[in-house]
Every structure is written in structure tokens, then in C-alpha cells.
Visitor: 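Below is one structure. I have some questions about it.
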Amino acid sequence: MNTENVVTRFPPSPTGTLHIGGARTALFNWLFARHHNGRFILRIEDTDKARSTREDTEIIVESMKWLGLDWDEGPYFQSQRTEIYAECIKKLLSAGKAYYCHCSQEELDQRRKQAKDKGLKPKYDGKCRDLNLGKAPGAVVRLKSPLSGTINFKDLVKGVISVDTEELDDLILQRSDGSFTYNFAVVVDDSKMGITYVIRGDDHVNNTPRQILIYQALGEPLPHYAHLPMILGPDRTPLSKRHGATSVLAYRDMGVLPHALVNSLARLGWSHGDQEEFSIQELVDLFSLTHVGKSAGIFNMEKLLDLNGKYIRAEDDARLADLLLPFLADLGCSGLDKEQVKGAVRTLKPRANTLVDMAQGALFYFKAITYDKGADEKFLRPELLTILEDLLAELKIAPEFTQKGLEGVFSALLEKHQIKLGKIAQPVRVALTGKTVSPGIFEVMEVLGRENAIKRLANAISHIKGKKANG
RNA sequence: GUCCCCAUCGUCUAGCCAGGUCCAGGACAUCGGCCUUUCACGCCGACAACACCGGUUCAAAUCCGGUUGGGGACGCCA
């Protein structure tokens, strides 16, 4: 790949959220442009007025921003470019490269069906092609494409693809309502915007020969093409709502770090030897179309979560605390002490794969606890009363309420009572957190702070006494 | 139906273009172990794949042909 002018684009249609398939297409276009110091353009393809919505446009923009895929131009809206398309139609018409077709939709459907029944390709039969018809209500404009020949193009990921023009028909460029079709608008925009590399999903390979025909009719130079393999759901069918969390924002809300998602998406279809983890800069530096695979793949959720856990562990505590705050707020914790949240983050990092996990795991620090039933029965037992009361007394006078200092307090206590840590670790854990699973009890105590830790231990002691009195 | 594309562990993939160094490497998941105050983290190990059939060749995961399987397209959707 030489260092010619590289301009790529991402052209989503705002008829749904940005899902991970689209996000990966956007990512590869972005990476390719950044790698080559080129430009990356965002274009909203809203030619389908009935299905395009403003909310979806906003979701797409928000998703792109969250992923960190910044664009150099746009967003452009196809709905605002109709004069440009109309101009091109005029040119094609007067050059004899396009024509009006008066066939009604019903007629076409019927003829298509007939062709199909006869085992023929259900394509337009060219009825109006040479009739030299004029503009009329209900008429569409079709491309007058060559009757014979072969279209060859070199796909940067799939290699040479060739299609016989007989497979193609005279596709509609402008609809009877005056609006323009996808294939036409794309070509006009790509050529007007100077797009040099069209990187898109596999599902467009069949469109490419048609679009090439339009380029040729327009007399514009062709871009390079690269078609990315599809992303499939676990059932090997194309991604859809059925597959649950597929929208980019759903991953954000799940507590996935954008870096982790970007990394995962990059590794789905692209590789750099055995390397699994990449910084964004590395991705930009190393990305190349030559290492994009050809076959469709299934998005591996477990692997994303694992990677996310790794990035959480690698992330700075203070930054993580900031990221965690909104998730804690969702769980009803607000107005928290930043230092304490930071402490909580530190203790939870190794055991959280998402920010949601982490927020849930941190809840006991910030909210009143209740004892899990089984934990209560199993560990908060009367025979521990003496030791726990002794512990409480020692904690009150411990010189340093830090992980290290507390270790000292405990080892003295164990020595004194001639017991092992195993005997009281779980009871203390339950007293402090209400659960049998938590970060280490010393770090928990440190983050909780002396006052809180003492209060919880005292509560547990009176709870045990209450049980004793009643039972 | 016609055309286009694809095919390595359960999953993502390396290797394939320039055939031997591959009885196929890494990662996730799974299973075992170590560490250990719980759960994790971390570390160590195990399981597990070249879709099939032919051809070329001294030699094929790698090249060629076919078969099967999967995906896509054939819209006044994008």
C-alpha cells in the first residue's frame, strides 16, 4: 500500500442502533485512515425517509464518540444532498447512460416472479430501455448498463472478484417519488467526497459491480475496495436483535471499557501474529488490510469480558473510580467520598470483569449490609463471641488502621487465642460485608475505615448475642 | 433457481501468497494443579482443529480440481 491519498468513510443508515458489526466496519475504516494519515468521513445514509430517525443518528454519533472513533468530516446527510444527485441524474440522462422506465411495481413484481418460475434470474428485463420514454408520473430512472462483458475488481481482502454483466440489470437510480437509491447515492457521494478506499461489510460485494457500473457511467475513477467478513451470532446467523446485547451502547452500559471493545472488535477478523492485546496507538500503527481474514466469525463475548477484566486491572484507580461513579449511582449510591471509592476500586479490581460487576461488588462498602442467610447460620456463631469481642477491643486501640497494621493486630490475636486465621476470617468477613465472598478482610477494613469496621463488628456481636438469647 | 464469497481446536485466530522448520502455535472457554482468610487475580498443566475426495510433488494445512457445508446477492431497503 503506497502512501497515496487515503480517504475512508463510514456510512451508517440511521435505521437502528450502531451494532458491533457496524462498529467494526467503522473501526477498520478509522484505523486504515489513521494508519495512513488519511481522512475519515462520517456520512449518514438517510435516503430511506420512512425508516431513518433522528434518534438513531444521535445514537450512532454517541457510539462513535464513546469508541473514540473521531471523524475529520461530517456527519454529512444524504437527505441534504439531493441537488447533487439530481445534477448527476441529469448528466446521465442527457448522455444516454440512463433512461426513464414506466413499468409499475406490480408489473415488475409479476415479471420477476415469472422469471423465477422459469428458473431464470429475477432481474429487470429491460422493457423500457430503448423506448426513449420521457419523464412521467410514476416513472423511475434506470442506469443503462452494458449488456455484456465482465466486471473485475481487486478486493483488498478477498482478491480478484469477477462478475458477468449479464448477471446485473438496469438498476434504479431515482425512484418514482424523486428520491435516490442507495447504490446511486453511495457512488455519487463516494466520488464527490474523494473516497479512495471503500471498506465495508461482506454483504456489499454483490453491490460492488453495480456501483462500478455507475462510476463508469459517471466517468469517475474507481476507489479501492475491501470487504470485511460478517460478524455472526452464536447460532451462526447474522447479528440481529435476537442475539441480545449487540448495540455498542449496551456494552457501555454493561460496564465494558471502550478500549476493550475496540481491541476485541479489531481482533475479530484482523490479526497481528499471536498478539491479543493492543493499545489504540498500536492498532493504528499495525493495522493493515492484508491481515484481515476472509471468513465470517462469531463475536466471542467471554473473550471480551476477559479482556475487559485485564484492562480494568491495568487502569489507574482514580480514573476507574470516576468511571465507576455513575454505575454506583445507578445502584443508589451517590455523594460518595472519592478516596473511599478509590480504595474500593483497588480492592475490587482483580475480581471484576465489568464496571457493573465492580459496582455491585462495592455496594457493601457504601450501603448498610444484611447477612446472607447461609453465611449468618454458618459463620456468626456464639462460640466465637469471646474472640470477636477481643478483636473489637483491639481494633479500637490499633495504632494503624491499615492493611499492614491490621495484619499485626490479627496475628497477635491468633497467637493469644491459639487459633488459625481460617477460624475467624470467614466470620469476620460476614460481619463486615454480610457475604462469604469479598476482597481480603484486611483491605476491606482499611477501606471501610476504623469507625465503620468497628460498628459492623459490634453489630455482628450483638446479632450473635440476640440469636443466643432467642435460641 | 442463478450468480458471488467462504471453510484450521467449542469460539477468535497464527501458519497458507513465496510447499518441507507444523504428528499445526497463541488466546478465550472448559478441566486439573499451585498460591491462599473466601472469591477472584496470578502462575503451571491438560483437553481440543487443518470439512471431504481426488490431483500435482520426493514432500501439501499450504498449490490445483471437484464434493459437501455455510453465508451473501438477485428490492422504487441500506
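Side-chain atoms are counted along with the backbone in the values below, which use heavy atoms only and exclude waters and symmetry mates. So that the names make sense, note that chain A is the first sequence line, chain B the second, and so on, each numbered from 1. In this text, all values refer to a predicted model and were calculated from it rather than measured experimentally.
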Visitor: Does the Lys NZ or Arg CZ of A/R175 fall within the cation-pi geometry relative to A/F180 - under 6.0 Å from the ring centre and within 45° of the axis?
Guide: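 Here A/R175 fails the 6.0 Å and 45° test against A/F180.
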Visitor: Between A/S271 (side chain only) and A/G273 (backbone N and O only), is there a donor and an acceptor less than 3.5 Å apart?
Guide: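 It does not hold such a pair.
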Visitor: Using chain A heavy atoms and a threshold of under 4.0 Å, write down where along RNA chain B the contacts begin and end, 5' to 3'.
Guide: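 Contact span on the strand: B/rG1 to B/rA78.
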Visitor: Can you check the distance between B/rC4 and B/rG19, where both ends of the measurement are the P atom (answer in whole Å)?
Guide: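 Nearest-Å result for B/rC4 against B/rG19 at atom P: 28 Å.
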Visitor: If you assign A/P12 and A/P229 each to the RNA chain B nucleotide with the nearest heavy atom, which residue ends up on the more 5' nucleotide?
Guide: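 Per heavy-atom nearest nucleotide, the more 5' residue is A/P229.
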Visitor: Should B/rC58 form a Watson-Crick or G-U wobble pair with both distances under 3.5 Å, which nucleotide is its partner?
Guide: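 Partner of B/rC58: B/rG20.
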Visitor: On a whole-Å scale, what distance lies between the C1' atoms belonging to B/rU68 and B/rA29?
Guide: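 It works out to 29 Å between them.
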Visitor: Counting only non-hydrogen atoms, which of residues 268-278 of chain A are less than 4.0 Å from RNA chain B?
Guide: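 The answer is A/L268, A/G269, A/S271, A/G273, A/D274, A/E276.
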Visitor: Indicate the ring-plane relationship of A/Y251 and A/F299, choosing parallel, tilted or perpendicular according to the 30° and 60° boundaries.
Guide: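 Rings of A/Y251 and A/F299: perpendicular, as their planes differ by over 60°.
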Visitor: Going by purine N1 to pyrimidine N3 plus the second Watson-Crick contact, or the G-U wobble pair, all under 3.5 Å, which nucleotide sits opposite B/rC31?
Guide: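 Its partner is B/rG45 (Watson-Crick or G-U wobble, both distances under 3.5 Å).
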Visitor: Check A/F10, A/Y197, A/W270 against A/F32 for a ring-ring contact (aromatic ring centres under 6.0 Å, His included) and give me the one that passes.
Guide: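 The ring-ring contact (aromatic ring centres under 6.0 Å, His included) with A/F32 is passed solely by A/Y197 among A/F10, A/Y197, A/W270.
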Visitor: Looking only at atom P, what distance separates B/rA40 and B/rA14, rounded to whole Å?
Guide: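 It comes out at 32 Å once rounded to the nearest Å.
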Visitor: Report the base-pairing partner of B/rC3 (Watson-Crick or G-U wobble, both distances below 3.5 angstrom), or none.
Guide: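 Base-paired to B/rG72.
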Visitor: Counting only Watson-Crick pairs (N1-N3 plus N6-O4 or O6-N4) and G-U wobbles (N1-O2, O6-N3), all under 3.5 Å, who is the partner of B/rC50?
Guide: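 B/rC50 is paired with nothing.
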Visitor: Ion pair present between A/D109 and A/R112, side-chain N to carboxylate O less than 4.0 angstrom?
Guide: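 The answer is yes: the pair qualifies as a salt bridge.
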Visitor: A quick test of your reading: do over 12 heavy atoms of other residues, nucleotides or ligands sit less than 6.0 Å from CZ of A/R319?
Guide: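 Check fails, neighbour count at 12 or below.
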Visitor: Do the numbers put A/R81 on top of the ring of A/Y76, so that NZ or CZ is under 6.0 Å from the six-membered ring centre and no more than 45° off the axis?
Guide: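 Checked: cation-pi criterion met.
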Visitor: For atom C1', what is the distance between B/rG33 and B/rG70, given to the nearest Å?
Guide: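 Between the two C1' atoms, the distance is 40 Å.
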